[in-house]
Amino acid sequence: MAPISSPKIPWAERLAPRRWLGPVVMLGPAGVWLLLLLVLPTLLILEISLVPGLRLGQPSGGYGLGNYLQILQPVYLRVIGRSLSFAVGSTLLCLVLGFPVAYWLALMSPQRWRNLLLVGFILPLWTSSLLRAYAWTAILRPSGVLNTIFTAVGLPAQAWLNTPTAVFIGLTYSFLPYMVLILYASLEKLDTRLLEAAADLGATPFQGFWKITIPQVLPGIAAGSLLVFISTLGDFVVPTLLGGASSMNISRLIYNQFLGPTRAWGFGSALSMLLILAVSLSIALLLRYGDKSTVTEPS
C-alpha cells in the first residue's frame, strides 16, 4: 500500500505571511513614535479630563464629567465662541484675499517669472511665526509704523493693538500664504478650454467664473479653508501677542489652566480634548472634501 503523501503547498502560499513582514518593519518605527508621542499622551489627557476638580498637588477623586460640564458655563462658552469667530473670520479673509492672488499667479502671471513670484509670496514663511507676530506689534502699536504713516497723511491714529482687529490681521497675515499655495495648486490644473467654450456659447465672464472655475477648484477651496481653520483655531502666539486680555481664546485658556495660578489640570485637559475633537473633525472633513493633491503643498 503506497504511503499517503501530504498535499503540496505552493511556495506562494508558504511565503504569504512573510509579505506582511516588510510593511511591518517599515511602519514599525513610525507606529511606535505615534503611539508614544500621540496616542498615549492623548489617552492620558482623556483620563485626566475625567477627574472632576483635579488640581496640581491635590488628591484626585473619582471619575466623572464635571470638567466637561464646567465648559458649559457662559464665561467659557464666550471664549470658545471667540475662538471660533477668530478661526472662521480669518479663514474667510484668507480666502477672499488669497483667491485673486492665486488666480493671477496660476493663470495670468508671466510663465518665466511664475516660480519666482510664488517663492517671493511665501518668503515670510521662512521666518518664525513668533518673529512675525512681534513685527506686527511694532506696526500696530500707538507709536508704530502704521500710525506714523496715518498721522503723516492727516489721518487719525488707530488703537488696534490688543484688540480683536489686531488678531484678525495677524492670523490672516500668518496663514494667507498657505491658502494661496493650495489655491494655486488647484487653479494651475484648471481646464481653460471650458472657459473658452463657455465664452463662445455666449456666457459672461461672471457666469464662466461661477459655473466653470469655481466647481473645478472647489476641492482646493475646501482644502485651503479647512487647513487655515484648523491652524487658526488652536493658534496661541498671535492672540497672545496682538490680542491682549480682551482676546482670550481657547488655546490661551488651556495654557492658563496648566501653567497659570489655578493649575486646574482636569479642566485644562477637558478643554484640550474639546480642541482635539474639533481639530479631528476638521481633518476628517479635509480628507473627505478637500483636494488631496493640494493638501500637502504647504509642507
Side-chain angles (χ1 to χ4, degrees), residues 14-71 76 80 83-84 87 125 128-130 174-175 178 181-182 222-238 240 249-260 262-299:
R14 293 182 181 179
L15 296 177
R18 299 182 183 180
R19 295 177 181 176
W20 297 96
L21 184 60
V24 169
V25 172
M26 297 286 289
L27 297 176
V32 172
W33 184 272
L34 289 175
L35 178 65
L36 294 178
L37 299 181
L38 180 62
V39 177
L40 292 181
T42 303
L43 293 177
L44 179 61
I45 293 174
L46 177 61
E47 181 183 8
I48 296 176
S49 70
L50 294 174
V51 182
L54 177 63
R55 296 178 183 274
L56 182 63
Q58 297 182 4
S60 60
Y63 293 99
L65 298 176
N67 292 321
Y68 290 95
L69 295 177
Q70 187 179 353
I71 298 177
Y76 300 122
I80 295 173
S83 302
L84 290 174
L125 296 180
S128 170
S129 60
L130 182 62
S174 297
F175 297 100
Y178 294 105
L181 277 175
I182 294 178
S225 299
L226 287 171
L227 181 60
V228 173
F229 176 82
I230 293 170
S231 302
T232 54
L233 182 62
D235 189 82
F236 176 80
V237 174
V238 172
T240 301
N249 67 338
I250 188 170
S251 59
R252 294 175 61 191
L253 183 61
I254 293 172
Y255 172 86
N256 291 339
Q257 304 309 311
F258 283 98
L259 300 177
T262 59
R263 297 297 177 97
W265 284 22
F267 181 56
S269 298
L271 290 170
S272 300
M273 290 305 303
L274 179 64
L275 185 58
I276 291 173
L277 179 62
V279 172
S280 301
L281 179 61
S282 301
I283 292 175
L285 293 175
L286 176 62
L287 296 176
R288 174 64 179 84
Y289 297 105
D291 190 349
K292 297 178 177 60
S293 64
T294 63
V295 171
T296 57
E297 285 293 329
S299 61

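Position 1 is the first residue of the sequence; numbering continues from there.
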Gap separating the [atom1] atom of [X] from the [atom2] atom of [Y], nearest 0.5 angstrom:
| X | Y | atom1 | atom2 | value |
| --- | --- | --- | --- | --- |
| Asn249 | Leu233 | CG | CG | 8.5 Å |
| Ser83 | Leu275 | OG | CG | 8.5 Å |
| Asp235 | Ile250 | CG | CD1 | 13.0 Å |
| Leu281 | Ile276 | CG | CD1 | 13.5 Å |
| Phe175 | Ser129 | CZ | OG | 7.5 Å |
| Leu125 | Leu181 | CG | CG | 7.0 Å |

Side-chain heavy atoms of [X] within contact of [Y], under 4.5 Å:
| X | Y | answer |
| --- | --- | --- |
| Val51 | Trp265 | no |
| Leu50 | Asn67 | no |
| Leu271 | Tyr76 | no |
| Thr42 | Leu46 | no |
| Ile71 | Phe267 | yes |

More than 12 heavy atoms of other groups within 6.0 Å of Tyr255 OH: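 No - once you tally the heavy atoms of other residues, nucleotides and ligands closer than 6.0 Å, there are 12 at most.
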Smallest separation among heavy atoms of [X] and [Y], with atom names:
| X | Y | result |
| --- | --- | --- |
| Ala270 | Ser49 | N-CB, 3.5 Å |
| Gly66 | Pro52 | N-CG, 4.0 Å |
| Phe258 | Gly268 | CE1-C, 3.5 Å |
| Val238 | Ser174 | CG2-OG, 3.9 Å |

Set of side chain to side chain contact (heavy atoms under 4.5 Å, CB included) partners for Leu36, sequence neighbours left out: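 Side chain to side chain contact (heavy atoms under 4.5 Å, CB included) list for Leu36, sorted by chain: Val32, Leu40.
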Result of checking Ile254, Leu44, Ile45 against Ser269 for side chain to side chain contact (heavy atoms under 4.5 Å, CB included):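 The side chain to side chain contact (heavy atoms under 4.5 Å, CB included) with Ser269 is passed solely by Ile45 among Ile254, Leu44, Ile45.
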